[in-house]
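One structure is given here, and the rest of the page talks about it.
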There are 4 protein chains.
Amino acid sequence: MSASAKEPRWERRKQDRPQELLAAALQLFVERGYAATRLEDVAAQAGVSKGTLYLYFDSKESLFKSVVRAHMLPLLDEAEARVDSHDGHTADLLRELILGWWQGASRSGLKGIAKLMLAESGNFPELARFYHEEITSRGDATLVRVLERGMARGEFRPLDAHALKKVIAAPIMMLMLWDQSLAPCAIAPIDSAAYLASLIDLCVHGLKA
Amino acid sequence: MSASAKEPRWERRKQDRPQELLAAALQLFVERGYAATRLEDVAAQAGVSKGTLYLYFDSKESLFKSVVRAHMLPLLDEAEARVDSHDGHTADLLRELILGWWQGASRSGLKGIAKLMLAESGNFPELARFYHEEITSRGDATLVRVLERGMARGEFRPLDAHALKKVIAAPIMMLMLWDQSLAPCAIAPIDSAAYLASLIDLCVHGLKA
Amino acid sequence: MSASAKEPRWERRKQDRPQELLAAALQLFVERGYAATRLEDVAAQAGVSKGTLYLYFDSKESLFKSVVRAHMLPLLDEAEARVDSHDGHTADLLRELILGWWQGASRSGLKGIAKLMLAESGNFPELARFYHEEITSRGDATLVRVLERGMARGEFRPLDAHALKKVIAAPIMMLMLWDQSLAPCAIAPIDSAAYLASLIDLCVHGLKA
Amino acid sequence: MSASAKEPRWERRKQDRPQELLAAALQLFVERGYAATRLEDVAAQAGVSKGTLYLYFDSKESLFKSVVRAHMLPLLDEAEARVDSHDGHTADLLRELILGWWQGASRSGLKGIAKLMLAESGNFPELARFYHEEITSRGDATLVRVLERGMARGEFRPLDAHALKKVIAAPIMMLMLWDQSLAPCAIAPIDSAAYLASLIDLCVHGLKA
DNA sequence: TATGAATGAGGTTTCATTCAT
DNA sequence: TATGAATGAAACCTCATTCAT
């Protein structure tokens, strides 16, 4: 059939397998949800067989948790560093933060994770708690710091920073979710640049002293 | 068997059966997701047996679609009527609209539906499209009308109403989603009144001419 | 295909199903051992489908335990009653006891259970303990009572009754085991009547004062 | 890598590998039964990897048969020699034979094999037949010779030697089986010395002319 | 010779669906 | 109309076996 019949039935790729499996699993979990994702499809997507998956993960649940954890840890540091080093107007800082989050989320797979956690939090409450503590609350805290900085410098009017942080974070979250759930169905594509510009514009005008 | 068994104490309200089943299904679908919800549990929750479900719905998928549709239709009219009849300042109209949506969603089960659609849109693209067309786009259109009314009356500054409508809708959607996914896990309860107040405050200041 | 095409796909037999399943399971577990017995075969042997088994038993392990327990409980009473009511020579009592045990074991399925417990005690230690306490030790105690009765009445010479009880019980046990493991292979059929007669003869001569 | 790597500290004794594997397999097969024993565990127990096993045995079944055969062959010769050379009272010969068998079985692993064959005879009938012919029937024949010798010399009363041989062998077999199945669970430990003394005592008294 | 990553058939278990009652 | 026992496809998971290294 094949020209030289030299392709081995499989390769030995111990180092890379976990990553490949995690990437495949992330994609399918996000697309279909936890329960509707079959491990055989994850394996196929990663180019291995069903059994191979079990060399690296104990069970479907363990794979799921690994997917979430693997994509959750390497985040947020960037945003915090940005706040620390900024010395211009706080409205500019806020703009940078919002745009930076969106770019970071797009790069890292966090958009998919966010959708996944929202959908599966009922079935994995401990993961939901972990997600909230590691991701959401750190992001929230960063936003609160920015708002308080703006008020302290007289650039923002007096605000309820703790209520407002979630109001401002919400559109970013929703953009991630839309991107993950509607975009794949080709429903109502969103112009994310215009969307973010509007968000920033609303904030800048709505917060200024 | 009994002598004069007129008027049984408990009627076999077959009229109500579908509604009871839909309510039970909504609750479980929202809690656990589509795939993880067992029809036997839906039936038990509604107080009937597994077989009975099939007298009213053809399949699990059909039940799911009915759940979504049943909770989607009786909405939005109220919001549209409110916009038509309002004659005060558009900022007040916007405030009423936001608060009205949240209350309506709370009353009607739309919060749960929103979470459900987000989670399952990948598995039910045609439902996702239906949901988008029937709900989201109508809500969006209403919001656009309000924004344009404000601009026309000189109460709002010039805006990209189409980009902004989604930015303003997002925090309301996210509040619904948080309420459905995190609240059941007792994670980070949100003070929805303060949250909505902040949203309205941000809009009023951010939009005014 | 069939003449009148009237045979329903299945019958509703809730009362009898568990018994039928237990009987089928006993046979196959004894023949093949626990691990080598497939639940599909158990179901087929009982004339039902795989899924039906799970209406009555939670798991393979639970089925196994039920099999053992169901066949263990209704035993031993007979033997104990016999000892209480006997008033002749103790050698005659011993003869009756030995023959009665063999007949009882043949009737009740205990022969198979004995083989099963021996084979699977390593995998189900708690069951092995249960079996030992409910069956073996009660049988042993009965045998000790008989031996002590014989010594007390001067019919048997002085003996170490506790060591001897197991020596006398052993040939009966082995007869059960041979019957279950070799007979199905048509290896070396044993004449159980002659075997038991020899055992009784050996005891009668070996015990008498 | 090392300069003068003569004489490695640990030799790669490929001569001993099969024996080590057989010993590991015997232990695990006896403990868990054939089907519940994983080849990976056998390999680990023998200190090699899974693949290595297949350099020495074709399959699990082949390993199992080798285990049984390897432990079956080097037996029985001793007992037969003892009978040939004995010239004292036959009761003393019988005592020696019984004690010798127990010691031999303890030494050789035959106890475990006996349990294994009993448990797996249904799944390996040809092995059961082999076992019966090589082991059981040779042992039986030896016992018959002893009984007939005793009768011929007027030391034993007239007996059905063929029925009796199995009655006398049974307690020895059962002692092996208890030792293998109940002792590992720490259930009802048996004092084998007292047990064997009782057996011998019963025989001596029960057989004498 | 030795390893252990990879495979895939086959087992246990679940659950949407059917249908005799 | 209502029930729930029965079904069987399909999922998760195991492990005997193969083979590139």
Side-chain angles (χ1 to χ4, degrees), chain A residues 6-17 35-43 46-63, chain B residues 12-14 17 35-44 47-63, chain C residues 6-17 35-43 46-63, chain D residues 12-14 17 35-44 47-63:
Chain A
K6 270 305 172 202
E7 349 173 1
R9 281 206 312 175
W10 42 263
E11 296 178 69
R12 199 174 260 243
R13 301 251 301 284
K14 185 171 196 205
Q15 310 300 331
D16 302 337
R17 285 280 187 249
T37 296
R38 303 182 318 138
L39 291 193
E40 188 152 16
D41 291 343
V42 173
V48 299
S49 77
K50 218 178 356 174
T52 301
L53 226 161
Y54 285 88
L55 298 176
Y56 299 97
F57 302 95
D58 287 341
S59 64
K60 189 183 189 182
E61 182 167 338
S62 138
L63 172 64
Chain B
R12 271 271 165 234
R13 303 139 300 152
K14 56 182 169 170
R17 274 291 145 71
T37 296
R38 302 181 324 142
L39 290 194
E40 187 153 17
D41 291 343
V42 172
V48 300
S49 78
K50 215 178 353 172
T52 301
L53 223 159
Y54 282 85
L55 298 175
Y56 298 97
F57 302 95
D58 287 341
S59 65
K60 189 184 190 182
E61 183 168 339
S62 136
L63 171 64
Chain C
K6 270 304 169 200
E7 350 171 3
R9 283 207 313 179
W10 42 264
E11 296 177 70
R12 198 174 259 245
R13 301 251 301 285
K14 183 172 196 202
Q15 310 300 331
D16 302 337
R17 286 277 187 252
T37 296
R38 302 181 318 138
L39 290 193
E40 189 152 18
D41 292 343
V42 172
V48 299
S49 78
K50 223 175 352 173
T52 300
L53 225 160
Y54 284 86
L55 298 176
Y56 299 98
F57 302 95
D58 288 341
S59 65
K60 188 183 190 182
E61 182 167 338
S62 139
L63 172 64
Chain D
R12 271 278 170 224
R13 301 140 302 151
K14 57 180 169 172
R17 274 289 145 72
T37 296
R38 303 185 319 144
L39 290 194
E40 187 153 18
D41 291 344
V42 171
V48 300
S49 78
K50 216 176 358 173
T52 302
L53 223 160
Y54 283 85
L55 298 175
Y56 297 98
F57 302 96
D58 287 342
S59 66
K60 189 185 191 182
E61 182 168 338
S62 135
L63 171 64

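Lettering of chains follows the sequences in order, A, B, ..., and the numbering in each one begins at 1.
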Report summary line: Closest non-hydrogen contact found for D:Thr37 with D:Lys60 is O-NZ, 2.9 Å
Query raised in the report: Across all strands shown, which nucleotide pairs with E:dA20 by Watson-Crick or G-U wobble geometry, both distances under 3.5 Å?
Result: F:dT3
Query raised in the report: Donor-acceptor pair under 3.5 Å: do we get one between A:Lys50's side chain and the base of E:dG11?
Result: no
Query raised in the report: Contact class for A:Leu55 (heavy atom, under 4.0 Å): base, sugar-phosphate, or nothing?
Result: base
Report task. Please report the closest heavy-atom contact between D:Ser62 and D:Phe57, naming both atoms and the distance. Result -> OG-CB, 3.9 Å
Requested in this report: Answer with yes or no whether A:Arg12 presents, from its side chain, a donor or acceptor under 3.5 Å of a partner atom in the base of E:dG4.
Outcome: yes
Query - Atom-pair distance (OH on A:Tyr54; C1' on E:dG10), nearest Å - result: 14 Å
Report summary line: Whole-Å distance, A:Arg17 CZ to F:dA20 P, equals 14 Å
Query raised in the report: Where each residue is assigned the nucleotide of DNA chain E containing its nearest heavy atom, which of A:Leu53 and C:Thr37 is assigned the position nearer the 5′ end?
Result: A:Leu53
Query raised in the report: Closest heavy-atom contact between A:Arg17 and A:Glu11?
Result: NH2-O, 3.2 Å
Query - Strand partner of E:dG11, provided both Watson-Crick or wobble distances fall under 3.5 Å - result: F:dC12
Report task. By nearest nucleotide on DNA chain E, pick out whichever of A:Arg13 and C:Thr52 is the more 5' one. Result -> A:Arg13
Report summary line: Taken to the nearest whole Å, CD/C:Glu40 to P/E:dG10 is 12 Å
Requested in this report: Quickly work out the C:Lys60 NZ to E:dT14 C1' distance and round it to whole Å.
Outcome: 17 Å
Report task. In whole angstrom, give the distance that lies between atom OH of A:Tyr56 and atom C1' of E:dG4. Result -> 10 Å
Query - Distance in angstrom units between A:Glu11 CD and F:dT18 C1', rounded - result: 17 Å
Query raised in the report: Just how far, in rounded Å, is P of F:dC13 from CZ of D:Arg38?
Result: 16 Å
Report task. Figure out the CG/P separation between A:Asp16 and E:dA6, and round it to whole Å. Result -> 10 Å
Query raised in the report: Between C:Val42 and C:Leu53, is any pair of side-chain heavy atoms under 4.5 Å apart?
Result: yes
